Amino acid sequence: MKSPFAPDDDALREAAAAGRPVPSPCISVCRIDPPTKLCTGCLRTIDEIATWGSMNNDARLAVWGEIRRRQSGAS
């Protein structure tokens, strides 16, 4: 399920193009679901969460792409 507060893909790309940091998907619901190994709030893996601060915008956009894929249920 997509958060109603999540920026759309165009807004993410615009931030990156303007040199602004791509925003974090964190919604302060921090709990890892054991079966999926994903945060139930932002749908990131623990590694994605841990490295977010050191990622460049291209890597952050890639994570957002994975989140979108996870939201859609695609594998």
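In this text, all values refer to a predicted model and were calculated from it rather than measured experimentally. FYI, the numbering just counts along the sequence from 1.
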Checking D33 now: which residues fulfil salt bridge (Lys or Arg N to Asp or Glu O under 4.0 Å) with it, not counting sequence neighbours? none
Under the side chain to side chain donor-acceptor pair (under 3.5 Å) test, residues paired with E14 that sit two or more places apart: none
Under 3.5 Å donor-acceptor, N57 side chain and R20 backbone: yes
Evaluate side-chain contact (heavy atoms from CB on, under 4.5 Å) for L38 paired with T45, printing each intermediate quantity in order. CA-CA 5 Å; L38 298 174; T45 66; 3.8 Å; yes
Which of these passes side-chain contact (heavy atoms from CB on, under 4.5 Å) with R44: I49, T51, I32? I49
Heavy-atom nearest pair, V63 first then M55, reads CG2-CE, 3.6 Å
Before you tell me yes or no, could you show the steps for E48 and W52 under side-chain contact (heavy atoms from CB on, under 4.5 Å), namely the whole-Å CA-CA distance, both residues' side-chain angles and the distance that decides it to 0.1 Å? CA-CA 6 Å; E48 291 167 344; W52 185 267; 5.9 Å; no
Any pair counted as side-chain hydrogen bond (donor to acceptor under 3.5 Å, both in side chains), so long as it reaches residues 21-31, sequence neighbours left out: none
Approximate separation, where rounding is to 0.5 Å, of K37 NZ and D47 CG: 12.0 Å
Considering non-hydrogen atoms only, spot the tightest contact between P7 and P23 and give its length. CG-CG, 4.0 Å
At their closest point, which heavy atom of P21 faces which heavy atom of A15, and how far apart are they? O-CB, 4.2 Å
How long is the gap from CG on L61 to CZ on R68, to the nearest 0.5 Å? 10.0 Å
Restricting to non-hydrogen atoms, name the atom on C42 and the atom on P25 that form the minimum distance, rounded to 0.1 Å. CB-O, 3.5 Å
